[in-house]
Structure formats: C-alpha cells, structure tokens
Amino acid sequence: PHVKARPVLTTAYAALSAIQGDRPGQQVGAVAVLFLSLVEELNLDINEVLNQASRIRKDARNFYQPEVRALQQYIQEELK
C-alpha cells in the first residue's frame with residue numbers, strides 16, 4: 001500500500017526515540033530484526049518494501065528537507 005512520507009518520518013522518529021538510549025550497534029540490530037520480522041510475518045516482498053522505502057526517502061528529501069536532515073544528523077552524530 002502507498003504511504004506518505006511525513007507520517008513515515010514521524011514513525012521513524014518515534015522508533016528512534018524509543019531505542020535512543022541503546023548502543024548504536026544494538027539500535028541498528030533492533031531495527032533490522034524488526035524490519036525482517038514485519039516483512040516475514042506480513043508476507044511482504046522485501047524488495048518491494050525496500051523500493052517503496054527508497055521512493056519515500058526521495059519524496060521526503062524533496063518536500064520535507066528539515067525532517068530528513070534531522071534524521072540524517074541524528075544518524076551521523078549519534079550512531080557513527
């Protein structure tokens with residue numbers, strides 16, 4: 001199903017907020033396990049989901065630049 005960029009970004013921030021206190025590797029692992037679990041349990045095509053995520057990021061970069069920059073800044077400063 002088609003989803004819009006802004007609500008997806010809001011949910012991404014909420015997820016990051018929930019795991020923010022964990023170590024960077026643990027955060028990445030948790031998100032990866034959650035992603036794979038969702039794809040498998042909902043019987044989704046992983047490539048289709050990744051393609052949709054790519055389109056959402058592109059859309060977000062064009063229309064929600066401050067939100068995307070904040071997400072990128074968090075990853076660059078807190079996870080590297």
Side-chain angles (χ1 to χ4, degrees):
H2 177 73
V3 292
K4 297 186 183 237
R6 177 163 273 172
V8 169
L9 288 172
T10 300
T11 302
Y13 287 125
L16 277 177
S17 180
I19 61 174
Q20 185 173 357
D22 296 330
R23 291 174 296 128
Q26 193 171 340
Q27 290 182 36
V28 172
V31 171
V33 167
L34 176 59
F35 173 75
L36 285 175
S37 296
L38 286 168
V39 167
E40 288 176 4
E41 295 302 320
L42 298 174
N43 294 314
L44 301 172
D45 180 311
I46 195 167
N47 292 315
E48 189 175 312
V49 173
L50 290 171
N51 286 334
Q52 184 178 26
S54 181
R55 289 191 302 273
I56 289 169
R57 280 179 40 126
K58 182 179 178 184
D59 183 45
R61 284 187 187 125
N62 292 332
F63 297 103
Y64 304 108
Q65 289 181 1
E67 293 92 336
V68 172
R69 266 187 258 131
L71 182 60
Q72 290 171 329
Q73 183 177 0
Y74 174 82
I75 293 168
Q76 291 169 357
E77 293 178 5
E78 301 295 330
L79 298 182
K80 285 189 176 180

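Positions are given from 1, in the same order as the sequence printed here. Only heavy atoms go into these numbers, but all of them, side chains included; no hydrogens, no water, no symmetry mates.
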[Y] side chain reached by [X] side chain, heavy atoms, under 4.5 Å:
X     : Y     : value
Ile56 : Lys4  : no
Ile46 : Leu36 : yes
Leu16 : Leu71 : yes
Val68 : Leu9  : yes
Arg69 : Gln72 : yes

(request) Please check if Leu34 and Leu44 belong to a single hydrophobic cluster, counting links between Ile, Leu, Val, Met, Phe, Trp and Tyr side chain heavy atoms closer than 4.5 Å. (result)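 In one cluster with Leu34: Leu44, yes.
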(message) Test of understanding: clusters of I, L, V, M, F, W, Y form through side-chain heavy atoms closer than 4.5 Å, transitively. Do Leu42 and Phe35 belong to the same one?
(response)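 Linked within one cluster.
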(request) Keeping the roles fixed (side chain from Ser54, backbone from Leu50), state whether a donor-acceptor pair exists under 3.5 Å. (result) no
(request) Verify side chain to side chain contact (heavy atoms under 4.5 Å, CB included) between Val31 and Ile19, making sure each step is shown before the conclusion. (result) CA-CA 9 Å; Val31 171; Ile19 61 174; 3.8 Å; yes
(request) Mind running side chain to side chain contact (heavy atoms under 4.5 Å, CB included) on Asp59 and Arg55 for me, showing each step along the way? (result) CA-CA 6 Å; Asp59 183 45; Arg55 289 191 302 273; over 6 Å; no
(request) Kindly compute the distance separating CG (Leu38) from CG (Asn43), expressed to the nearest 0.5 Å. (result) 12.0 Å
(request) Please report the shortest heavy-atom distance between Gln27 and Gln20, naming the atom on each side. (result)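 That closest heavy-atom pairing would be NE2-O, 3.3 Å.
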